[in-house]
Amino acid sequence: VQLQASGGGLVQSGGSLRLSCAASRSFLSFVSGRINYMGWYRQAPGKQRELVATITEGGASNYADSVKGRFTISRDNAKNTVYLQMNSLKPEDTAVYYCAASAAVRRGITYWGQGTLVTVSS
């Protein structure tokens, strides 16, 4: 089961980053070709993992209140990739960001990619 995240890094406050997460062919096979939900979560030091944004196969999205208006989630179903465009970054956005995916054929269990570190300096 492979979800490959990329795009993290160090950015100054007010800057932007774009995260990407691609599902491997083996994962697609594992979920019979349909990923119903993809999303991003984050975990800051000493805090619990929290939802950032999710998006359905049809494009319906959901955001945490803390990122609304600054972050945009999108997905390319042909590439089985989910993106997170992060603008107006704040130091409190610093965290390890994890991509996630779930599929009805696998009873909606959430599968996780490896994290990518986003550091926002003040």
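Along the sequence shown, residues are numbered consecutively beginning with 1. All values reported here derive from a predicted model rather than from experimental measurement.
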CG (Leu89) and OG1 (Thr119) are apart, to the nearest 0.5 Å, by 10.5 Å
Could you tell me whether Trp40 and Phe71 have their ring centroids closer than 6.0 angstrom?
-> no
Check your understanding: Side chain of Asn80, backbone of Ala22: donor and acceptor closer than 3.5 Å?
Key -> no
Ignoring hydrogens and geometry beyond distance, is a side-chain donor-acceptor pair present between Ser16 and Asn87 at under 3.5 Å?
yes
Output for pair (Met38 CE, Cys21 SG), nearest 0.5 Å, gives 5.0 Å
So CG of Asp76 and OG1 of Thr81: to nearest 0.5 Å the spacing works out to 6.5 Å
### Message
Counting C-beta onward and ignoring hydrogens, is there a side-chain heavy-atom pair between Arg25 and Gln2 closer than 4.5 Å?
### Response
no
Practice prompt. Look at the rings of Tyr111 and Phe30 and say which category their plane angle falls in: under 30° parallel, 30 to 60° tilted, over 60° perpendicular.
Written response: perpendicular
Correct closest heavy-atom pair for Ile35 and Ala23 would be CD1-CB, 3.7 Å
dist Leu117:CG -> Thr94:OG1 (nearest 0.5 Å) comes out at 8.0 Å
task: Is it possible for you to say whether Val105 and Phe27 belong to one hydrophobic cluster, with membership spreading through side-chain heavy-atom contacts below 4.5 Å?
output: yes
Heavy-atom nearest pair, Gly8 first then Leu17, reads C-CD1, 4.5 Å
Check: Ala5 main-chain N/O paired with Gln114 side-chain donor or acceptor under 3.5 Å = yes
Rounded to the nearest 0.5 Å, the OH atom of Tyr41 sits from the OH atom of Tyr98 at a distance of 13.5 Å
*asked:* For a 4.5 angstrom cut-off between non-hydrogen side-chain atoms, does Glu57 reach Tyr37?
replied: no
Closest non-hydrogen atoms of Arg70 and Asp93, given as atom of the first, atom of the second and distance, are NH1-OD2, 2.7 Å
Minimal heavy-atom distance between Ala103 and Arg34, with the atoms involved, is CB-O, 3.2 Å
Check this for me, if you would: do Asp65 and Lys68 make a salt bridge, where the nitrogen-to-carboxylate-oxygen distance has to be below 4.0 angstrom? yes
Does Tyr83 have Arg75 sitting over its ring (NZ/CZ under 6.0 Å from centre, angle to axis within 45°)?
no
Practice task
Indicate yes or no for a side-chain donor-acceptor contact from Ser61 to the backbone of Thr54 under 3.5 Å, with no hydrogens or angles considered.
Solution key: no
Interatomic distance, CZ@Arg18 vs OG1@Thr72, rounded to 0.5 Å, equals 10.5 Å
In short, Leu51 meets Tyr63 closest at the heavy-atom pair CD2-C, 4.4 Å
Paired with Arg42, the side chain to side chain contact (heavy atoms under 4.5 Å, CB included) test is passed by just one of Val67, Thr116, Val96, Val118, namely Val67
Between Pro91 and Ser13, the two heavy atoms sitting closest are CD-OG, 3.8 Å
